[in-house]
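In this text the structure is predicted, and so the values were computed from the model without any measurement. Protein chains get the first letters and strands the later ones, always in sequence-line order, with residue 1 at the start of each.
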Number of protein chains: 2
Amino acid sequence: MANSSQDATLADPNTRGSQEMAVVFAALSNPARIEILMHIAKHQCCGCKEITDVLPLAQSTISQHLKVLGEAGLITVETVPPRSRYQINEQLLRSISDTTHAFLNSCCKSDCS
Amino acid sequence: MANSSQDATLADPNTRGSQEMAVVFAALSNPARIEILMHIAKHQCCGCKEITDVLPLAQSTISQHLKVLGEAGLITVETVPPRSRYQINEQLLRSISDTTHAFLNSCCKSDCS
DNA sequence: ATCATTAATCGTAATTATACGATGAAGATA
DNA sequence: TATCTTCATCGTATAATTACGATTAATGAT
């Protein structure tokens with residue numbers, strides 16, 4: 001079933017193909033998810049409710065977005081019912097940041113006049 | 001109408017909100033589009049046909065992907081029928097690279113133990 | 001004039017994404 | 001035990017994405 005938050009196939013920037021990159025970008029392709037990510041980063045840790053209080057979306061929708069972010073490995077979850085604490089997966093995010101930077105820059109280093 | 005390749009609202013990294021970021025990430029959220037982008041970067045300039053020859057997708061599909069990449073501002077088009085030459089929008093891509101890097105890093109600079 | 005090449009667009013089908021309300025599960029508290 | 005809070009999941013409706021073949025448009029070559 002599905003890949004957990006710490007998926008080994010995403011650990012090494014150099015083994016990240018177009019498929020893996022697309023998954024990460026897809027997770028970032030929704031404005032609500034970007035806001036959620038920023039909110040978590042700002043508050044370091046937070047639960048679904050705090051985000052629901054701040055964004056104009058239903059709790060079930062937020063929960064679903066959190067799931068997508070988790071499956072892409074961008075955040076981690078720690079559940080102690082009835083609460084779930086979400087936080088940024090810093091290690092992976094840093095790796096993704098580097099990969100993205102390298103990828104985009106590799107598209108720019110030519111001189112097509 | 002719609003936004004052309006050099007959309008002023010995307011020119012400044014600091015004015016890029018979650019909505020604008022999501023558009024860029026959405027354009028990058030498809031493996032075929034990543035491959036297309038890499039192919040264009042590798043060959044500096046190329047037409048739809050060269051990409052169609054290399055990817056297992058129909059010409060109409062490639063053309064559609066190119067349109068998405070163009071609307072997101074990642075590539076520019078120069079059409080002299082019956083050809084269209086695509087190339088990387090380096091300036092915008094560099095700006096996007098910086099924005100993405102800054103955004104992802106801003107999510108990592110806390111210490112939530 | 002006819003044909004070939006290249007690429008955009010249209011129509012369409014299948015899949016995926018997004019959002020919601022309702023429900024269920026887990027534990028804390030009255 | 002009954003109630004509250006928090007969150008995940010289910011079912012569902014709507015919209016967007018992805019892909020294809022067919023068609024059209026523009027130009028160059030025969």
Side-chain angles (χ1 to χ4, degrees), chain A residues 1-5 18-37 39-40 43 45-72 74-87, chain B residues 1-5 18-37 39-40 43 45-72 74-87:
Chain A
M1 57 121 303
N3 48 356
S4 93
S5 300
S18 55
Q19 182 70 56
E20 284 79 19
M21 297 185 65
V23 169
V24 172
F25 288 132
L28 295 170
S29 72
N30 182 289
R33 284 198 290 270
I34 291 183
E35 306 254 9
I36 290 171
L37 210 57
H39 191 268
I40 296 175
H43 296 79
C45 298
C46 75
C48 183
K49 189 185 183 305
E50 286 95 308
I51 302 170
T52 305
D53 287 342
V54 137
L55 293 186
L57 291 170
Q59 178 267 323
S60 58
T61 305
I62 303 283
S63 184
Q64 207 173 330
H65 282 312
L66 286 166
K67 191 179 177 187
V68 172
L69 288 171
E71 284 173 352
L74 297 171
I75 59 176
T76 60
V77 204
E78 199 171 334
T79 301
V80 181
R83 308 221 70 211
S84 285
R85 309 295 300 175
Y86 294 94
Q87 58 184 277
Chain B
M1 65 131 289
N3 49 357
S4 89
S5 300
S18 54
Q19 183 69 58
E20 285 77 20
M21 296 186 65
V23 169
V24 171
F25 288 132
L28 295 171
S29 71
N30 182 289
R33 283 197 290 269
I34 292 183
E35 306 255 9
I36 290 172
L37 210 56
H39 190 269
I40 296 175
H43 295 80
C45 297
C46 75
C48 183
K49 189 185 184 302
E50 284 96 310
I51 302 170
T52 304
D53 287 342
V54 135
L55 294 185
L57 292 170
Q59 178 267 324
S60 58
T61 305
I62 303 282
S63 183
Q64 205 172 331
H65 281 313
L66 287 166
K67 192 179 179 186
V68 173
L69 289 171
E71 283 173 352
L74 297 171
I75 59 175
T76 60
V77 204
E78 200 172 334
T79 301
V80 181
R83 308 221 70 211
S84 285
R85 311 294 301 174
Y86 294 94
Q87 58 184 273

Options D:dT6, D:dA19, C:dT18, nucleotide nearest the side-chain atoms of A:Pro82: D:dT6
Rounded interatomic separation in angstrom, taking CD1 from B:Ile36 and C1' from D:dA19: 12 Å
Residue pair B:Glu35 / A:Ser18, side-chain donor-acceptor N/O under 3.5 Å: yes
Touch class at under 4.0 angstrom, heavy-atom based, for A:Ser84 against every strand present: sugar-phosphate
Step-by-step salt bridge (Lys or Arg N to Asp or Glu O under 4.0 Å) determination, A:Arg83 to A:Glu50: CA-CA 11 Å; A:Arg83 308 221 70 211; A:Glu50 286 95 308; 3.3 Å; yes
A:His65 NE2 - C:dT16 C1' separation (whole Å): 14 Å
Whole-Å distance separating the CG atom of B:Asn30 from the C1' atom of C:dT15: 13 Å
B:Gln59-B:Thr52 side chain donor-acceptor pair, cut-off 3.5 Å: no
Shortest side-chain distance from B:Lys49, nucleotide among D:dC7, C:dT6, C:dA8: C:dT6
Closest listed nucleotide, where the reference is the side chain of A:Lys67 and the choices are D:dT18, D:dT9, D:dA19: D:dT9
Whole-Å gap separating C1' (C:dA8) and CD1 (B:Ile75): 14 Å
Below 4.0 Å: OP1/OP2 of C:dA8 and any side-chain N or O of B:Tyr86: yes
Of the listed nucleotides C:dT6, D:dA19, C:dA8, the one nearest the side chain of B:Thr61: D:dA19
Per A:Gln64 side chain, nearest of listed nucleotides C:dC20, C:dT9, C:dA8: C:dC20
Sugar-phosphate only, base, or nothing, as touched by B:Leu57 at under 4.0 Å among non-hydrogen atoms: sugar-phosphate
5' precedence on DNA chain C between A:Gln59 and B:Arg85 (nearest-nucleotide basis): B:Arg85
Length of the CG-P vector between B:Leu69 and D:dT17, whole Å: 13 Å
Closest listed nucleotide, where the reference is the side chain of A:Cys48 and the choices are D:dT18, D:dC20, D:dA8: D:dA8
